2 protein chains.
Amino acid sequence: MSLQHALLGVLEARPMSGYDLVQFFDSSAGWIWAAPQSQIYPTLRRMERAGLISGDDERRGPKLTRTVYSVTEQGLEELNRWLSAPHAPTPARDPFLVQALNFDMIEADQAHAVLEQFIGEQEKAAAEAEAHRDRLLAKDTMLLKERLTRRDPADHDRVARIKAHVFAGIAAVARTRVEWAREGQRLLTGD
Amino acid sequence: MSLQHALLGVLEARPMSGYDLVQFFDSSAGWIWAAPQSQIYPTLRRMERAGLISGDDERRGPKLTRTVYSVTEQGLEELNRWLSAPHAPTPARDPFLVQALNFDMIEADQAHAVLEQFIGEQEKAAAEAEAHRDRLLAKDTMLLKERLTRRDPADHDRVARIKAHVFAGIAAVARTRVEWAREGQRLLTGD
DNA sequence: CACTACATGTAACTAGTTACATGATTCG
DNA sequence: CGAATCATGTAACTAGTTACATGTAGTG
């Protein structure tokens with residue numbers, strides 16, 4: 001149930017509506033944890049029932065309201081507990097590895113083309129992760145700014161560097177995969 | 001539905017029973033695609049109904065039988081089709097990244113300990129992937145040997161190198177993650 | 001007034017998890 | 001004859017996917 005913990009982590013920065021969270025999980029948070037709208041709304045209601053967050057109805061015009069959720073004391077405790085303990089590694093389940101493992105069964109040029117597309121995706125992912133890392137280091141994202149308003153100014157650099165480091169890691173893994181895929185292309189074309 | 005393609009890829013090497021596949025997905029294949037017994041048996045039956053594999057009942061004593069599945073012509077075609085086309089990247093969903101992203105919310109020594117455990121896991125994963133890579137290069141695994149009996153001897157080295165390369169990649173990513181986690185530990189302890 | 005953004009839902013489905021359940025055969 | 005291994009299943013559940021559905025408010 002990491003979606004719940006991901007939501008708690010975001011809402012800790014600032015209270016948000018389901019709509020806000022949907023946007024957020026479609027953009028930057030999507031690099032860490034992807035979640036569709038149809039999963040976010042029900043999860044928020046379940047979390048409210050569980051007492052982890054509480055929803056506050058705000059008027060947005062005469063007929064439209066939005067529910068802004070904030071993390072409760074209990075939610076903060078749960079997040080803290082979950083963050084502090086090591087968890088079992090997630091089982092491997094990467095369709096691309098299944099594909100690459102069987103590249104010996106198809107034509108070399110087709111496998112080469114599949115790798116080419118993979119390289120493009122990974123390079124794009126690396127570039128985007130690096131850009132986000134830089135924005136975080138510059139404290140130049142909306143969410144980080146709001147998060148820091150509730151933190152001791154002496155900690156601001158530290159918080160920014162910790163967040164940025166995660167995106168640096170995502171980029172590093174993507175770069176490693178690019179190198180690996182290029183090596184694979186050389187292997188396919190016969191050294 | 002990559003479990004189906006993973007199963008096709010394994011059964012292409014040699015026909016196997018559900019039991020054999022369960023063992024296999026608990027060991028080496030588990031690094032690529034994890035699947036529990038309760039998922040494998042029903043999936044095999046669905047694949048047989050779909051005509052991708054066909055089951056052959058073998059007697060194993062007076063009362064016990066086992067069903068040995070082999071890939072059909074149609075299954076091979078499906079596998080080939082799936083292997084030859086690029087697929088959309090899988091949505092990110094890594095609980096550990098959610099955890100690391102929020103390391104600024106907990107005590108540095110607790111975050112350090114969580115990273116320490118992560119490093120241990122990744123180093124173990126890297127070592128095991130490298131060991132398996134070496135076994136594949138030496139054509140020293142049961143499944144590869146059986147797979148190669150149906151291949152042109154001129155292709156044996158190529159097939160072994162392609163399979164091995166996937167495990168080299170898994171190891172490389174794990175090593176990258178280890179370096180990243182160590183950097184994270186330095187970050188937490190204040191450079 | 002049309003278009004975009006805001007805002008929230010539901011239904012039907014596939015995939016994956018956890019736990020339980022049952023019996024046969026082989027080997028020491 | 002007891003333990004490990006062989007062999008196959010089911011039930012109840014949680015998570016995630018795809019597609020549909022509905023209406024409001026702000027902007028040009």
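In this text the structure is predicted, and so the values were computed from the model without any measurement.
Rounded to an integer number of Å, the gap from A:Glu48 CD to C:dG9 P is 10 Å. Rounded to a whole Å, the CD1 atom of B:Ile40 is 13 Å from the C1' atom of D:dA7. When rounded to the nearest whole Å, the span between NE2 of B:His5 and C1' of C:dA15 equals 15 Å.
A donor-acceptor pair shorter than 3.5 Å cannot be found between the side chains of B:Asp57 and B:Thr65.
Mapping B:Thr67 and A:Gln4 onto DNA chain D by nearest heavy atom places B:Thr67 closer to the 5' end of the strand.
Partners of A:Phe118 according to the ring pair (Phe, Tyr, Trp, His ring centres under 6.0 Å) rule, which considers only residues two or more places apart in sequence or in another chain, are A:Phe96. Every residue two or more places apart in sequence or in another chain that forms a side chain to side chain contact (heavy atoms under 4.5 Å, CB included) with B:Lys124 is listed here: B:Glu128. Scored by the ring pair (Phe, Tyr, Trp, His ring centres under 6.0 Å) test, A:Tyr69 finds no partners at all (sequence neighbours excluded). Looking at residues two or more places apart in sequence or on another chain, you find a side chain to side chain contact (heavy atoms under 4.5 Å, CB included) between B:Pro95 and A:Ser2, A:Trp33, A:Trp82, A:Thr90. Checked against ring pair (Phe, Tyr, Trp, His ring centres under 6.0 Å), B:His132 has the following partners two or more places apart in sequence or in another chain: B:Phe167. For B:Tyr19, the side chain to side chain contact (heavy atoms under 4.5 Å, CB included) criterion is met by B:Ser17, B:Gln23, B:Tyr41, not counting sequence neighbours. In this structure, the side chain to side chain contact (heavy atoms under 4.5 Å, CB included) partners of A:Pro42, at least two apart in sequence or on a different chain, are A:Arg45.
Of the residues in residues 12-24 of chain A, A:Ser17, A:Gly18, A:Tyr19 come within less than 4.0 Å of DNA chain C through at least one heavy atom, sorted by number. Within residues 82-90 of chain B, no residue has any heavy atom closer than 4.0 Å to DNA chain C.
Minimum heavy-atom separation, A:Ile170 to A:Ala129: CG2-CB, 4.0 Å.
The shortest distance between the side-chain N/O atoms of A:Arg45 and the OP1/OP2 oxygens of C:dT10 is below 4.0 Å. Not one side-chain nitrogen or oxygen of B:Tyr41 sits closer than 4.0 Å to the OP1 or OP2 atom of D:dG9.
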Please tabulate, one pair per line, each protein N/O and nucleotide N/O from nucleotides 1-3 of chain D that are separated by under 3.5 Å, including the distance.
none

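At least one donor-acceptor pair under 3.5 Å links the side chain of B:Gln99 to the backbone N or O of A:Ala85.
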Seminar exercise, completed: Quick tally for nucleotides 16-28 of chain C: nucleotides whose base has a protein heavy atom under 4.0 Å get B, sugar-phosphate-only ones S, the rest -, giving BBBB----SS---
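Residue A:Arg46 is classed as a sugar-phosphate contact, given heavy-atom separations below 4.0 Å to backbone atoms only.
Here the straight-line distance linking atom CZ of B:Arg175 with atom OG1 of A:Thr176 works out to 12.5 Å at 0.5 Å rounding. Note: B:Leu11 CG to B:Leu44 CG = 7.0 Å, rounded to the nearest 0.5 Å.
Side-chain contacts under 4.5 Å among hydrophobic residues (ILVMFWY), followed directly or transitively, place B:Leu137 with no other residue at all.
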